[in-house]
Protein chains: 2
Amino acid sequence: MASSGRPRAFDRLRALEAAMEVFWERGYEGTTLADLTAAMGINRPSLYGAFGNKEDLFCEALALYEAREGAVITAGLTEAPTARAAIATTLGHNAKVYVEEGRPRGCMIVLSSLVGTPESAPVRALLAARRQAGEDELRARIARGQGEGDVPAEADPAQLAAFYSTILQGMSVAARDGADRARLDGIVANAMACWPAGRAGTDG
Amino acid sequence: MASSGRPRAFDRLRALEAAMEVFWERGYEGTTLADLTAAMGINRPSLYGAFGNKEDLFCEALALYEAREGAVITAGLTEAPTARAAIATTLGHNAKVYVEEGRPRGCMIVLSSLVGTPESAPVRALLAARRQAGEDELRARIARGQGEGDVPAEADPAQLAAFYSTILQGMSVAARDGADRARLDGIVANAMACWPAGRAGTDG
DNA sequence: TCCATAATGTACCTATAGGTACGAATCTAT
DNA sequence: ATAGATTCGTACCTATAGGTACATTATGGA
């Protein structure tokens, strides 16, 4: 099939990782082809040959980001014994990784493109859809808790999910603004104080 | 003094308003000189003559934004009888204006430049400083409430301010994502449920 | 060994970015 | 009326953006 021809001289995954980090750090429009090829260690035609154009590369980098960063979050959400513990774990995890050394601060999905030119509108739409998907995960977990009895019946899963999603998005901004771990943890603590009903800690 | 010479053929304030709206909608880097001159209805040399360069114009547009949008918020903060009412008023006001028809969604200070090229780092630093200033206003109002006795002594004004500032930043993202008024109001309601001590409504 | 296939590096393309030179036009003060 | 000052529109500048043509090189299969 596609076995013949000159073999690729670079590690495709490593190059994609490098691209992901640049997009994550500078955003979609703030990243130039020159930035990308420099970080990936390849020439422009190799980039186009392996990944398509800039937008295609961004989409693939975003998919890699979600696979990497989203997996542990999804796992934490499903495995936690209660909805409250699940949300607390998710927020706490993000508070930690958003300010970790050696990687861009905040969430790539939130920060990569909130505003920009009309030409990059498709990228913003994709990111907005992924944010919505993240919120849907939160809502589903809260609804599950309601079914399992650890969330009050009168609670509104959609509204709670919107609230905690907003917290996460605000935390990404805070992380970019230089917030440290303690500050984000404090924000998470405050956010968890809003949990409905037994606010003094009705955990599993 | 500056009375002689050919008079300016356009309304400087109206042009600045137009520039503000474009920057607010598309962000700093997402706005081109062509976008600006088209919206302002002037030619490029007129723009440079009246406002300096792109960065200077952005700074002045941001100052106008703060004068316009910040005034009512500062007034609401200081005039409210209690810190809780002050914060609730601020959040409620922003929930309203963030999704108002006929203007860009969300907050210009939050959205204009969170990521980008190294060249626009000064703009991001300016915006971050203004976000910090906003949070400082919240903290000061909460501390005042503590002094006046309507906020529990054991509450942490800095931490609460960080929390509500994060809420506002997250709400700007939500507004850009198409959230409607009811959704933002729900987020505000949840956020106010975190107020310390008598959470069932210890208002003034 | 020769061919088809595919990746490589160099060198280029067009469009547009932010910014400016310059002469014509329009004002105030004398 | 003239001088000095300031804005105007046209036309331009350089740098860089994303993207590609093309000859070269390296592989697998016949």
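Just so it is clear: chains get the letters A, B, ... in the order the sequence lines come, proteins before strands, and each one is counted from 1.
- We find that CD of B:E119 is positioned 16 Å from P of C:dA17, with the value rounded to whole Å.
- Put simply, A:S46 has a side-chain N or O that comes within less than 4.0 Å of OP1 or OP2 on C:dT8.
- Looking at heavy-atom distances under 4.0 Å, B:T117 makes no contact with the nucleic acid at all.
- Counting heavy atoms of neighbouring residues, nucleotides and ligands inside a 6.0 Å radius, atom CZ of B:R14 does not exceed 12 of them.
- Of all nucleotides listed (D:dC8, C:dG19, D:dG4), D:dC8 comes nearest to the side chain of B:R8.
- The pair B:D150-B:R84 does not meet the salt-bridge criterion, since no charged nitrogen lies less than 4.0 angstrom from a carboxylate oxygen.
- Following rounding to the nearest Å, B:R12 (CZ) and D:dT7 (C1') show an atom-to-atom distance of 14 Å.
- To the nearest angstrom, P of D:dT7 lies 16 Å from OH of B:Y48.
- Salt bridge A:E135/A:R130: absent, no basic N to carboxylate O contact under 4.0 Å.
- When rounded to the nearest whole Å, the span between CD of A:E55 and C1' of D:dG19 equals 14 Å.
- Using a cutoff of 4.0 Å between basic side-chain nitrogens and carboxylate oxygens, A:R103 and A:E69 are scored as salt-bridged.
- If you take CD of B:E29 and P of C:dG18, they are 10 Å apart, rounded to a whole angstrom.
- Of the residues near DNA chain C, A:F10 and B:L33, the one whose nearest nucleotide (by heavy atom distance) lies more toward the 5' end is A:F10.
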Collect all protein-nucleotide pairs involving nucleotides 10-14 of chain C in which both atoms are nitrogen or oxygen and the distance is under 3.5 Å.
none

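- Here B:R68 pairs with B:E17 in a salt bridge; the nearest charged N to carboxylate O distance falls below 4.0 Å.
- Classification of the A:Y164-A:W195 ring pair by plane angle, with boundaries at 30° and 60°, yields tilted.
- What separates CG of A:N53 from P of C:dA15 is a distance of 18 Å, to the nearest Å.
- Across the protein-nucleic acid pair, B:M40 atom CE and D:dT7 atom C1' stand 15 Å apart, rounded to whole Å.
- Seen from the ring of B:F23, B:K54 does not count as a face-on cation partner, given the 6.0 Å and 45° thresholds.
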What does the list of N/O pairs under 3.5 Å between the protein and nucleotides 24-26 of chain C look like, with a distance for each?
| unit_1 | atom_1 | unit_2 | atom_2 | d |
| --- | --- | --- | --- | --- |
| C:dA25 | N3 | B:R6 | NH1 | 3.3 |
| C:dT26 | O2 | B:R6 | N | 3.3 |

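- In this structure, B:D136 pairs ionically with B:R139, as a charged nitrogen and a carboxylate oxygen lie closer than 4.0 Å.
- Taking the ring centre of B:F10 as origin, the terminal cationic atom of B:R12 falls outside the region bounded by 6.0 Å and 45° from the ring axis.
- Between the CG atom of B:L36 and the C1' atom of C:dT16 there is a distance of 15 Å, given to the nearest Å.
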